[in-house]
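Notes follow once the structure below has been shown.
Both backbone and side-chain heavy atoms feed into the values below; hydrogens, waters and symmetry mates do not.
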Amino acid sequence: MGSTVRVDIANRIFNDEDDAAVECAAPNDVNGAVVFHPWASGPAPTPTPSPTPTATATPTPTPTATATATPPGATRTIDLSPQGWHDLSWSGANATDPGTALACIAGDYSIAYAWEGPTAGFKRYVEGCAIPGICNMAALNKYDTLLVSISVAGASCVMPVAP
């Protein structure tokens with residue numbers, strides 16, 4: 001079978017010059033465009049039988065560890081120095097007002113932005129929102145990312161961590 005398949009492949013694709021006497025000529029006789037040479041130099045190896053599987057004992061189940069919830073009041077501290085732009089992720093509860101989320105850096109930042117998607121773009125929050133319409137950032141959900149301009153050297157934020 002191997003020789004027949006090899007000759008057939010050679011005749012159809014490779015123009016195998018080893019067996020030129022038994023092949024059909026390729027269309028327009030493209031001699032030597034690509035030469036196919038078999039790479040097996042000896043007989044195929046004798047297959048070795050697979051070992052018979054042996055039964056194994058069923059392992060004794062171990063108790064499944066239960067996930068520990070984040071303890072109430074858990075926090076993380078974020079170093080926001082030096083002055084300039086910093087990005088941070090909100091780790092508190094969903095639907096948190098931006099002013100509440102940024103209270104940890106009150107007086108230490110000038111403006112914050114959050115990406116709210118390709119149709120909404122960036123939305124902003126300025127501490128106190130003294131100018132009507134300047135604050136258009138939606139409530140934050142856990143893992144929302146903020147870009148904040150820190151205006152005070154050595155600023156840090158102690159942020160809640162929601163479960």
Side-chain angles (χ1 to χ4, degrees), residues 5-6 8-16 26-28 30 32-40 47-48 50-163:
V5 171
R6 182 175 62 87
D8 185 51
I9 291 171
N11 281 331
R12 293 174 191 253
I13 300 172
F14 298 109
N15 190 20
D16 184 356
N28 299 326
V30 275
V34 176
V35 179
F36 176 79
H37 294 281
W39 57 89
T48 309
S50 299
T52 306
T54 56
T56 56
T58 304
T60 306
T62 55
T64 305
T66 48
T68 54
T70 306
T75 60
R76 66 185 180 124
T77 302
I78 304 166
D79 178 16
L80 296 169
S81 58
Q83 290 174 281
W85 290 99
H86 292 269
D87 61 337
L88 56 104
S89 277
W90 172 244
S91 59
N94 288 339
T96 300
D97 177 72
T100 303
L102 295 168
C104 62
I105 53 172
D108 292 349
Y109 73 100
S110 55
I111 193 165
Y113 291 96
W115 177 253
E116 294 187 3
T119 56
F122 281 98
K123 299 298 180 172
R124 72 186 156 273
Y125 185 84
V126 177
E127 190 172 3
C129 292
I131 301 170
I134 196 165
C135 294
N136 59 0
M137 186 183 296
L140 299 171
N141 291 320
K142 188 172 183 180
Y143 306 123
D144 280 352
T145 303
L146 300 165
L147 182 62
V148 182
S149 178
I150 299 297
S151 54
V152 176
S156 67
C157 173
V158 178
M159 186 180 290
V161 177

Query raised in the report: Please walk me through it: do Asp144 and Glu116 pass side-chain contact (heavy atoms from CB on, under 4.5 Å)?
Result: CA-CA 9 Å; Asp144 280 352; Glu116 294 187 3; over 6 Å; no
**Report entry** Worked check of side-chain contact (heavy atoms from CB on, under 4.5 Å) between Val148 and Ile111
**Finding:** CA-CA 6 Å; Val148 182; Ile111 193 165; over 6 Å; no
Requested in this report: Check for a donor-acceptor pair, side chain of Asn141 on one end and backbone N or O of Ala95 on the other, with a separation under 3.5 Å.
Outcome: yes
Using distance only, find each side-chain donor-acceptor pair of residues 149-163 under 3.5 Å and give its atom names and separation, not counting sequence neighbours.
residue, atom, partner, partner atom, Å
Ser149, OG, Ser110, OG, 3.3
Ser151, OG, Asp108, O, 3.3

Query raised in the report: Taking atom CG of Leu146 and atom CG of Leu140, what is their separation to the nearest 0.5 Å?
Result: 5.0 Å
Requested in this report: Return each pair, listed once, that meets ring-ring contact (aromatic ring centres under 6.0 Å, His included) where at least one residue sits in residues 131-163; pairs must be two or more places apart or across chains.
Outcome: none
**Report entry** Trp90 side chain reached by Leu88 side chain, heavy atoms, under 4.5 Å
**Finding:** no
Query raised in the report: Is there side-chain contact between Leu80 and Ile105, with heavy atoms separated by less than 4.5 Å?
Result: yes
Side chain to side chain donor-acceptor pair (under 3.5 Å) partners for [X], two or more places apart:
X: Ser91; answer: Arg76
X: Thr75; answer: none
X: Asp79; answer: Ser81

Taking all heavy atoms of [X] and all of [Y], pick out the closest pair and write down the distance.
X: Leu102; Y: Ala112; result: CD1-CB, 3.7 Å
X: Ile134; Y: Cys129; result: CG2-CA, 4.3 Å
X: Asn94; Y: Lys142; result: OD1-N, 2.7 Å

Query raised in the report: What is the ring orientation for Trp85 with Tyr113, classed by angle as parallel under 30°, tilted 30 to 60°, or perpendicular over 60°?
Result: tilted
**Report entry** Summary of side-chain hydrogen bond (donor to acceptor under 3.5 Å, both in side chains) pairs that have at least one residue in residues 124-134, sequence neighbours excluded
**Finding:** none
